[in-house]
Each structure stands twice: as structure tokens, then as C-alpha cells.
S.K.: 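This structure is in C-alpha cells; I'll ask about it shortly.
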Amino acid sequence: MAHTHESNTKRIWFVFALLSVVTIVEVFLGIVKPDALFKTDLLRLNLLNWIFIILTVFKAYYIMWAFMHLEGEKSSLRWSIVAPLVFLIIYLVFILLVEGNYIFDVFAQSHYKWIF
């Protein structure tokens, strides 16, 4: 009846490696800024920024999945935690993009100059 303790060292190293690879890809893309991604727009935002947003959301989800131990919980509990956060992230990104495009348009099409 004794509960044996399992070592999670291999899993911790896997999570570390996966998150490190994603971060290295983000940093590499941020330094190199390939023209194919940087100069191609999708919904008034270049593809490079979309890649950054998607990779960041992936990292946030995987950190919750691994370090909050959501993979061992019931599906309903996982969704009650993850769904509001995903909705909030999508909402905040939407507000950021809409307001950022509005401010860009105001300064690009008016006599006001960028002072920052």
C-alpha cells in the first residue's frame, strides 16, 4: 500500500529543452528578422509578430500544463483554468492590435509628429 516516489528529472529536462528551443527560435527571429516574415502582412500585422504572439501563447500554455500539473487533472478542471486565460490573452492581443493600428494611422496620416 505504500506510494512510491517517481523521479521527474527526465520530464523536467524535456520541458526545459522544449521551452529553451522555443525561446531560442524567438530570439533568433527577433535578431535576424527575415524579410519574408517581416514584410508580409496578415490582418495589418506582419507575420513575424504573429509568430511571436503564437509562440508566446504556446509557452504560456505549456508552462501552465507542466508546472501547474494540469496534465494530470480532469478535463473539466483543465478547461476551467485554461479557457478563461486563452480568452483573456486573445482579447488583450485584439485590443493591442486595434489600438496600435489606430495610433499608427493617426500619426501617419496627420500633421502630428512622432515625439516618442
Side-chain angles (χ1 to χ4, degrees):
M1 286 289 196
H3 182 72
T4 60
H5 178 69
E6 293 181 20
S7 176
N8 286 329
T9 306
K10 185 184 287 187
R11 185 172 183 285
I12 291 170
W13 281 109
F14 173 76
V15 170
F16 173 73
L18 180 67
L19 294 177
S20 295
V21 167
V22 173
T23 303
I24 289 169
V25 167
E26 285 179 333
V27 170
F28 177 77
L29 288 175
I31 292 172
V32 174
K33 289 185 183 176
D35 286 340
L37 298 175
F38 187 64
K39 294 182 179 179
T40 305
D41 287 344
L42 176 67
L43 300 175
R44 296 195 58 168
L45 189 67
N46 62 40
L47 288 179
L48 189 60
N49 285 346
W50 282 113
I51 290 173
F52 287 148
I53 291 169
I54 291 168
L55 289 177
T56 302
V57 169
F58 170 78
K59 285 194 316 186
Y61 179 79
Y62 201 78
I63 287 169
M64 286 189 333
W65 182 261
F67 295 119
M68 290 178 63
H69 307 288
L70 290 180
E71 74 273 15
E73 299 295 336
K74 291 185 179 183
S75 177
S76 58
L77 178 64
R78 282 195 307 245
W79 279 108
S80 69
I81 294 170
V82 172
L85 292 174
V86 168
F87 174 75
L88 178 65
I89 289 170
I90 291 171
Y91 177 70
L92 291 175
V93 168
F94 172 77
I95 294 295
L96 177 80
L97 296 177
V98 168
E99 294 300 321
N101 282 329
Y102 172 74
I103 291 172
F104 178 78
D105 289 341
V106 165
F107 282 108
Q109 299 173 358
S110 70
H111 63 279
Y112 294 110
K113 301 296 178 202
W114 290 94
I115 58 173
F116 50 89

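These figures come from a predicted structure and were not determined experimentally.
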S.K.: Shortest non-hydrogen contact from L97 to W50?
M.R.: CD1-CH2, 3.7 Å

S.K.: By salt bridge (charged side-chain N to carboxylate O under 4.0 Å, His left out), which residues pair with E73, not counting sequence neighbours?
M.R.: none

S.K.: Do the side chains of F14 and M68 join up, straight or via other hydrophobic residues, at under 4.5 Å, putting them in one cluster?
M.R.: yes

S.K.: Kindly write out the residues that satisfy salt bridge (charged side-chain N to carboxylate O under 4.0 Å, His left out) with E71, not counting sequence neighbours, or none if the list is empty.
M.R.: R11

S.K.: Are L19 and L85 in one and the same hydrophobic cluster, where Ile, Leu, Val, Met, Phe, Trp and Tyr link if side-chain heavy atoms are under 4.5 Å apart?
M.R.: yes

S.K.: Group every Ile, Leu, Val, Met, Phe, Trp and Tyr by side-chain heavy-atom contacts under 4.5 Å, then state whether Y61 and I63 land in the same group.
M.R.: yes

S.K.: Can you tell if the side chain of F58 reaches within under 4.5 Å of the side chain of L18, non-hydrogen atoms only?
M.R.: yes

S.K.: Salt bridge (charged side-chain N to carboxylate O under 4.0 Å, His left out) with R78: which residues, sequence neighbours excluded?
M.R.: none

S.K.: Distance check, rounded to the nearest 0.5 Å: L96 atom CG versus N49 atom CG?
M.R.: 9.5 Å

S.K.: Among residues at least two apart in sequence or on other chains, which ones pass ring pair (Phe, Tyr, Trp, His ring centres under 6.0 Å) with F16?
M.R.: W13

S.K.: Are V22 and I54 linked, directly or through other ILVMFWY residues, by side chains that come within less than 4.5 angstrom of each other?
M.R.: no

S.K.: Test of understanding: with side chain to side chain contact (heavy atoms under 4.5 Å, CB included), list the residues that count as partners of L92, not counting sequence neighbours.
M.R.: L88

S.K.: Sequence neighbours excluded, which residues qualify as salt bridge (charged side-chain N to carboxylate O under 4.0 Å, His left out) partners of K33?
M.R.: none

S.K.: When rounded to the nearest 0.5 angstrom, what distance separates OG in S80 from CG in L70?
M.R.: 9.0 Å

S.K.: Side-chain contact test, heavy atoms from C-beta onward, threshold under 4.5 Å: evaluate it for V15 versus F67 and give yes or no.
M.R.: yes

S.K.: Could you please spell out the steps behind the side-chain contact (heavy atoms from CB on, under 4.5 Å) verdict for T23 and F28?
M.R.: CA-CA 8 Å; T23 303; F28 177 77; over 6 Å; no

S.K.: Report yes if some heavy atom in the side chain of T56 is under 4.5 Å from a heavy atom in the side chain of E26; otherwise report no.
M.R.: yes

S.K.: Restricting to non-hydrogen atoms, name the atom on P84 and the atom on W79 that form the minimum distance, rounded to 0.1 Å.
M.R.: CD-O, 3.7 Å

S.K.: Out of curiosity, does V98 fall in the hydrophobic cluster containing I90 (side-chain heavy atoms, cut-off under 4.5 Å, transitive links)?
M.R.: no

S.K.: Atom CG of D41 and atom CG of L48: how far apart are they, to the nearest 0.5 Å?
M.R.: 11.5 Å

S.K.: Can you list the steps and then say if N46 with L37 is a side-chain contact (heavy atoms from CB on, under 4.5 Å)?
M.R.: CA-CA 7 Å; N46 62 40; L37 298 175; over 6 Å; no

S.K.: Give the minimum heavy-atom separation between L47 and A36, together with the two atoms involved.
M.R.: CD1-O, 4.5 Å

S.K.: Y91 versus V86: any side-chain heavy-atom pair under 4.5 Å?
M.R.: no

